[in-house]
Amino acid sequence: MDDDTGRGFPANDVDSSSPVSEAAAGAVLTIDLGAVRENYRRLKARLNGLRCAGVLKADGYGLGAAQVAAALAKQGCDIFFVALLGEGIALRKAVGPGLDIFVLNGLPPGSEPEAAAAGLCPVINSASQLKAWRETARGMGRSLPAAIQVDSGMARLGMAPAEVEAVAGEAGAFDGIDIRFVMSHLARADEPQQAANEKQRREFDRLRGMLPAAPASLANSSGIFLGPAYHYDLARPGAALYGVNPTPHEPNPMLPVIGLQAKVAQTRRVGPGAGIGYGHAHHADGPLDLATISLGYGDGWHRRAASAAWFEGVRLPFIGRVSMDSIILDISALPAGRLSEGDLVELIGPSQSVDDAAGHAGTIGYEILTSLGARFHRRYVDS
Ligand SMILES: *Cc1c(COP(=O)(O)O)cnc(C)c1O
């Protein structure tokens, strides 16, 4: 099947250099590219070997689009999706020619020549984008690849039904356009009981029936788990590749991909009544052992994400407010002196998943991942 026969390049060829050394950094983000590849393999198995793209928007959900692309290519993945043209241009430079890169948000007017020069495929979301791409193709004297997106019921991106009907009835509307896929996106794929899914699927079939015949694509990560009726010719998972649970009401079928550890900057003991952190949001009831770690909301750690760090399986509650560059932990549960400057405590890892942290913050794992900061030392491993 798609095992290491990939067309790509080995992951080690990609520049994985981190902006900051491990010794200098306040926190270490570990990204397991082997887990990304295993997650891709698991999704492919669910898809019975159908084609499966990798969604790499927002710099691979914050984990490094170039590194993730290299890992997926090694696994046989040859189609990638980004959101913005700029992301596509950067990814093209990183992966070279030969792999398909689609731009989900379409092309801003006037940027078509730049997209064509970089060998990128727009996802065409409107009649005006279709016209602009057609004219670009005509000007270049060759056909240009694209995906056509229809809005099957999300009202975000894609041609509305009336627009689909209009272009379908227009002679030459698709001249010079090599339609690689007709696609749409599900609004409620993570809610399998929702009738909206079936409704969107039927509407997708109706709309693509009006368009020139082409392979179809509907499922994101969660959509893959809605069953074969949603698989069509190509799936487009993002979050599941990165270890976010695509089936939020059931155990996570994916492997975790990231670990986040922060360094202890200082430890101290305070006496009863001590005011702790900004606003003295907490006062010590009795003597307390504290550790301050070098990670805060300036690293994309939401002020309400999670409420504890972990050390060797021991829970160390946050105490007081999360600062820009630091968080104070109550380490009284550890033997005195067990934790010292430079030690690493776990924020995300075996004791606390991305989805756990998201749950605390009242957000989704996607936002936790894409917020991960630029100050971390990034350690890429391939398990
Ligand atoms: C983000 C996105 C995906 C991937 O979604 P996940 O839920 O991360 O799997 C697929 N298709 C479109 C159009 C998207 O915007």
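Note that ligands are numbered from 1 as they come in the structure, with each ligand's atoms numbered from 1 the same way. This structure is a prediction, so every number in the text was calculated from the model and none was measured.
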| note | Honestly, for L157 the part within reach of ligand 1 (heavy atoms, under 4.0 Å) is neither
| task | Locate the shortest heavy-atom distance separating A53 from C77; write the atom from each residue and the value. | result | C-SG, 3.8 Å
| Which pair of non-hydrogen atoms, one from S184 and one from V150, has the smallest distance, and what is that distance? | OG-O, 2.7 Å
| remark: Sequence neighbours excluded, the answer for ring-ring contact (aromatic ring centres under 6.0 Å, His included) partners of H360 is none
| task | Return yes or no for this condition: an N or O of Q149 is under 3.5 Å from an N or O of ligand 1. | result | no
Just need the protein heavy atom nearest to [atom], so name the residue and atom and give the distance.
atom	answer
atom 5 (O) of ligand 1	N220 CB, 3.4 Å
atom 8 (O) of ligand 1	Y61 OH, 2.5 Å
atom 14 (C) of ligand 1	K57 NZ, 2.9 Å
atom 9 (O) of ligand 1	S221 OG, 2.5 Å
atom 10 (C) of ligand 1	R236 O, 3.3 Å

| Carboxylate-amine/guanidinium contact E135 K131, below 4.0 Å | yes
| said: Salt bridge check, D175 against R138: does any charged N sit closer than 4.0 Å to a carboxylate O? | reply: no
| task | Please identify which atoms of ligand 1 are closer than 4.0 Å to at least one heavy atom of A239. | result | 6 (P), 8 (O), 9 (O)
| field | Which of the ligand 1 atoms, numbered from 1, are nearer than 4.0 Å to a heavy atom of P237 | value | 9 (O)
| message | In terms of relative ring orientation, are Y232 and F204 parallel, tilted or perpendicular, with 30° and 60° separating the classes? | response | perpendicular
| request: Inspect the surroundings of CZ in R202 and state if more than 12 heavy atoms from other residues, nucleotides or ligands are less than 6.0 Å away. | output: no
| Can you tell me if M154 has a non-hydrogen atom under 4.0 Å from ligand 1? | no
| said: I'd like to know if Y366 contacts ligand 1, where contact means a heavy-atom distance under 4.0 Å to any ligand atom. | reply: yes
| For D178, what residues pass the salt bridge (charged side-chain N to carboxylate O under 4.0 Å, His left out) criterion, not counting sequence neighbours? | R180
